[in-house]
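Note on naming: letters A, B, ... go to the chains in the order of the sequence lines (proteins, then strands), and numbering restarts at 1 for each one.
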Amino acid sequence: MAALFNRTNFNRISRIPPAYFVFAVLLIVLWIARPHMLNINIMGIFIRQVVPLGILVLGQMLVIRVNSIDLSGAGVLLLINFYISSSMFPGASLPFFVAISLATGLAVGLFNGYMVGKRRVSAVIVTLAVNIVLVGIVQFLASGKPPGDVPSIFSDIYNTKLWLIPTPVLFWVALALIMSLFLSRFVYGRYVSSVGANPVAALFSGVPVERTVIVAHTIAGLMTALASLVQTASIAVGSVRVGHELPILAVAATILGGVVFGRGEGGVWGPFFGVLSFALLFVVMTTFGIGESGKLITQGLIILLAAIFYGLRTAKSRT
Amino acid sequence: MQVAATRIGGDVKKRIEMSGISKAFGGSVALKNVSFELLEGSVHALMGENGAGKSTLMKILAGVHQPDSGEIFRDGRAVTFATPKEALDFGISTVFQELSLLANLTIAENMFLGREPTLRFGTVDYTTMNRETTKALAELGLDLDPKTMVSELTIAERQFVEIAHGIKADASIFILDEPTAALNAADVEVLNRHIRRLRDEGKAIVYISHRMDEIFEICDMVTVLKDSELVATKPLAEMTPHSLIAMMVGRELKDLFPERNAEPGEPMLDVENFRISASSEPFSMTVGKGEIVGMAGLEGQGQQRFLRSLVGQFEPFGGKVSVRGKALKFPVSKDGGIRYLQSLGVGLVPEDRKEEGLFLTLSIGHNIAMGLHSRKSEFSLADGYGEKIRETMASMSVQASGPAELVSALSGGNQQKVLLGRYLAAGMSILLVEEPTRGVDIGAKSEIYRLLRDFANKGGAVVVLSRETIELIGLCDRLYVVHDDTIVSEMAAENATEHNILDAALSRQASQVRLETTP
Amino acid sequence: MKNSIKAFAAVTLLATTALSVPAFAQDVNIMDGVTERAGDNPVVPAGKYKKDCGWKIGMSHFGVNANTWTVQVAHESQGAAAAVDCIEKFVLLDAGFDQKKQVADIEDLIAQGMDAIIVQPVTSTSADASIAKAIAAGIPVVLHTGRIESDAFTTEIQGGAEHFGKVMGDWLVESVGQDGKIWVLRGLAGHPEDTNRYNGLKQSLEGTNIEILVEEHGDWQYDKTKKLCETLYLNNPNVDGIWSSGADMTRACVDVFKQFGATIPPISGEGNNGYFGQWIKDGFASISAEYSPAQGAAGVRAAVALLEGKELKKHYDYNPDGWDVEKAKTYYRDDLSANVWWPTELPEEKLQELYSKK
Amino acid sequence: MNRTMKRLLTGKDSRQGRWFFALLIALAIIVWLGLTTERFLTSENLFNLVAQAMPLIITAIGMMLVVLVGGLDLSVGSVISFTTAILALGAPALISIPGVFALAACIGLINGLAVTRLNVHPIIATLSMQFIVLGITRILRPVSGGDVPQIVIDAVAGSFYGIPLPVFWGIVTVLIAWKIIHGSRFGLHLFAIGGGIASGTDEATHNFGVADKQKILLAYVGCSCFAALAGIFLAGRIVSGDPNVGLLFEMDAITAVAIGGTQLSGGVGSLHGTVIGALVMALLANGMNSANISAFVQTAIKGVILLLVVGLQSRKKMGL
């Protein structure tokens, strides 16, 4: 009996996503090296930097949980940035931009979902292809009308604060809360866990498997659209090359947050802290003057070690 | 039919001696100081409930696992096998329980996988492989092109290829772990003939099966394991099925099945002029309230395809189906069919609990509640169903630390109960159950039979498929005999025997019938 | 606005004169600010590549969609080519910053029988072999906006990246004094332009006590640099001056200082309309190094001159002085978007079409 | 005959996948370019095409090894850059060429160990390796440049009786790859292991006595080594070491493999499919250049064609 208790205890501890540990370690490092930086104003600004990534991760987490992946984010980001900055829609209002961005995210997400869920095309390939098409479309459009300025209302909103906390950060936390509640309180969350753990069993227990995957991709598309709006507001200018590394970073943060391909496990907050870890990682490394190469290597090592930690646990729980 | 016990004489050589084998996985003990001897020229049955340690013992012998302590002697010399390949090199050949052929390889490639002959420069010698394969298949009476991809074979053909793979080698020791799980009676006889031939050649064979009739038909010796320990090794001539079961579980066979229902109520499921495939004949069937109906017959004659067509996994070629008098919108869609039928109170319990049934990495609670959740739309609030889960676990006596325990940590029997529990908890009124006790030990079997009977007695209706005819006869009220994608006969289970079921199936058929593929 | 139109008119005038009067090297005005390199500078003899009208000119662009500057280079090149009647076909290929694609692109241009090829090399070595192939096939090759290590090309117009970095560096040294503490914002790690501009800075810093507090790569991008400057500022806001390798980085860093309500330290920049607007409005100390996208047009003009049989020098330098805010004001256009780069040769209607805020 | 046609067209019950479709596309592009442009079918252009396609063909072949066992390798792009950086250090070819392969093998080994022994998902293991190797490469060679051994340059740029050397290298590489994939026990075992993984019976091959983990490990090692070979080839082509030359090459390689009909779930694929897939991509790039399709729309066209090809390749399995 004692052994059983210990074992479940071990399982419980090793179930904590690696992101929490990484975050704690980075916080301690920062506390020792630059104690003055640990105040709400400064941290707020650092966290604001990763809000687009954070929102993207909310969607990526969902698709990874149903054993899929979305690599089309960069294309959506570029397209939405282009809508807003290119005066393609002259004099359009903020709600119009939000609406058309969400519509784009929805359409791309639905298409990805249809291809992955219904047509059963490899998610890696299809979302990659969609990304290439979207980037190509923007390149084509940009040759006729290069991106220009972003209406100032975007950066005005981006720079507001509520109490001491930047609005974008609050927006991200709110979205994460909604997502967390949606997955824990609604039937859809159960569907996601089931499809992730075993799609065939999910089918036989009456889960609409294809629809679950399609909805996951659609939500991911919407999240990408929201992330794009925040990203565009943050850079306040049009660009022909923006955020191309975001989707793969989103995958990395999700993994760090303890969500694993096709195991049906994981929640919103692990990846949330995965993103926060990336934010701190960037700060800590810049603080210590670690160059570009060092950043890449550290990032790679952290992801690898986190994955190994998780891999060993799953190997253990299997026997 | 009884094999002479006299063969086990004093001068017979011990092919294998395993002594004092212990093995633990993580914290759980799988084998405790088990000894096992295998004599040349004998067929040795290895019996025990699931989780008793049979498979682990054989996997140690086959080099898949290594023992924590204990020794293995091959013809008197101590040996260790680090890999299955090493065991094979020592002449130990295995047919594993799971269907383990690779669908994307040809028969010949499967047969020689891991020991392909090569020509110069390491090129695989396909000529030899194909020739040898044809020969090995012919010995089992099979006429298959060795270049055929396994994905194109029927289940039974695959099982035979698997057997041919296990016993084609120039090995002297054979481990057959449930080789007949997917075979029908006629095919089993072909296999038995082959096993006897091997025995007569002086080979030693370990035979694992849950089917009593087979054990007594071909085995000489039996070793019984219980709770990871050795109970006894005896000549089968000294045993009866009853005493063997008693040894395994301490219980009598007649206690296995619950009482039948006397009077079925109004029809719950009505099938009229149903056609499984384009060329098959239409048939009708019905299941009444409180009734358990079995679909009997040879393996792969369309029983499973019929059940799965009802829930949309296959497209039927016509027919009318009504549930409690209400006609179904037919055919139903592949993705939504199961959901649609569940909304009408019809649940299909799939055969393969690991692949199709359970979420092994998730909790018992999640597994049980999933049937309840999936009756709702994804955008509705999820109930915790805590009470319902506890109730279900208690009523099914699932042995676990609690609803939060992962299903992967449970034994086969308890897993099967959780699976069945999902459909009972979801409040289904009609259950379509495929292989309710596949790979489940006798103790759990009897509990599952009782649960199904209780379900029927409370006003439910059950359709059961099983490869084990004894199970169908014991459990059901009424049987439909299925052959060639249609129902050929109906009989009360009380009067049914394995013999008259086979008769009913085969008398109907005039010409040679090709086995239907069941994906 | 008037000024820029004037400037444009002047340029076009010069260009057309150059095209209409034949035969003398000094008649070829490749671009304002472009000079023949002093010292050893071989001559491409007149008439060597002369061909009759109906030319096919190919251009291998290192990466059209890297940023808005590179896009503008493409437009400037196409615009210049369209203005020459004798050019029958102008093929612009985009290497997308992929060296191997550029090698393939140049090979494809040779195979298609171009009369002249313009190359913006992705790196200083990767295109050497394919350029040599073109020369061997008798096709003149014009290089610009990027040097190569071999000299197997016909003529080159090179804006000196070191010069660019040094213009900024010298100004910064002057602004922060001998003992200042500065940040260094570099471009894309691994890009030769980044390294060379940085080397220019190093030259300026020689013999001073200026301390480089931090040195980070902002990849010439707004978003990355903004994050970077926020972090740097919050780490230690005491900085005397910032050397920014140009592009969109200056604007990002200025925005960060504005966001914190801090005084903007002296910071170097590069001729982009958005940055000019900010500079003029916020009045911080800055210098704009010049690196015109019209080098795209200059390349086309050089190729045209070769095909017309004019005498050219092998090496042309483009080392303009830095701009002060007064010069920036004469170019700045409030009605155009932030993404125009100055100076440009694009005609007014094209500017309106591409960059109008409306 | 009917069954063969069905296999070719649908890829069903075939271990080679739907490569036939890629062949049709390749032929369609060739016919289109042959008819519309005068220069396409010249030997000069065709030789160019081979040389342009070579690095991708080589990398894609390596990628196919891991895809066959249900994996992916996102680190090949970094390995290519890394290789060019090492070669450009200026060491004699006798040391640097074997050295490059040894280092690549180490990278593959770590990938393989993480996947097989430490239970890390291939996408994650190789993604982190991509970061790590790229970081090391940037330390070694922050900017492009350096001296690539002359023998490497000659081997890529030279020609033999008027036929460029890359053509011969191509033939040799494909022959070696054919031997590995279709002519050896190792290759057969890769198909077997992948088939097991794709159908969820991963135990099967192990039970047959195939050292599955070891073979998967070797597949990753092989993949990295092929990437190193592509790196050597590229170093010769761009005559320098470059930290960015392999950027996003992994995506091109995966795309080529997928176009060639290899299934990403494992166990189904063919060498000729992969070579055709890589050729389709090179043909597209070369063809769009020849046909004077604007640089601004080339990307979009490439994406649409990829989408059309993969859109038709639906599988049983859902997901990655």
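Heavy atoms closer than 4.5 Å to chain A are found nowhere in B:Y340, neither backbone nor side chain. For a residue to count as touching a neighbouring chain, one of its non-hydrogen atoms must lie under 4.5 Å from one of that chain's; by this rule B:D352 does not touch chain A. At a 4.5 Å heavy-atom cutoff, B:S343 makes no contact with chain A through either its backbone or its side chain.
Residues A:V195 and B:F359 are not in side-chain contact: their nearest non-hydrogen atoms beyond the backbone lie 4.5 Å or more apart. A 4.5 Å side-chain heavy-atom check between A:L203 and B:R339 finds every atom pair outside the cut-off.
Side-chain atoms of A:N198 never come within 3.5 Å of backbone atoms of B:L360 as a donor-acceptor pair (strictly under, hydrogens ignored). Listed for the B:S374 side chain is a donor-acceptor partner under 3.5 Å among the backbone atoms of A:S205.
B:K334 pairs by the salt bridge (Lys or Arg N to Asp or Glu O under 4.0 Å) definition with nothing, not counting sequence neighbours. Residues passing the ring-ring contact (aromatic ring centres under 6.0 Å, His included) test with B:F455: none are found, sequence neighbours excluded. By the salt bridge (Lys or Arg N to Asp or Glu O under 4.0 Å) test, B:E378 pairs with A:R211, sequence neighbours left out.
Contact count against chain A (heavy-atom pairs under 4.5 Å) is highest for B:S380 among B:G336, B:S380, B:S377.
Remark: the B:H366 side chain and the A:S193 side chain contain no N/O donor-acceptor pair separated by less than 3.5 Å.
In terms of heavy-atom proximity, A:A201 sits nearest to B:L358 at CB-O, 3.6 Å.
Applying a 4.5 Å heavy-atom cutoff, the residues of residues 180-191 of chain A that approach chain B are A:F182, A:R185, A:F186, A:V187, A:Y188, A:R190, A:Y191.
When B:E355, B:R308, B:M370, B:R422 are each tested for a side chain to side chain contact (heavy atoms under 4.5 Å, CB included) with A:F204, only one passes: B:R308.
Other residues, nucleotides and ligands place more than 12 heavy atoms under 6.0 Å from the NZ atom of B:K376. Atom CD of B:Q66 sits in a crowded spot, with more than 12 heavy atoms from other residues, nucleotides or ligands closer than 6.0 Å.
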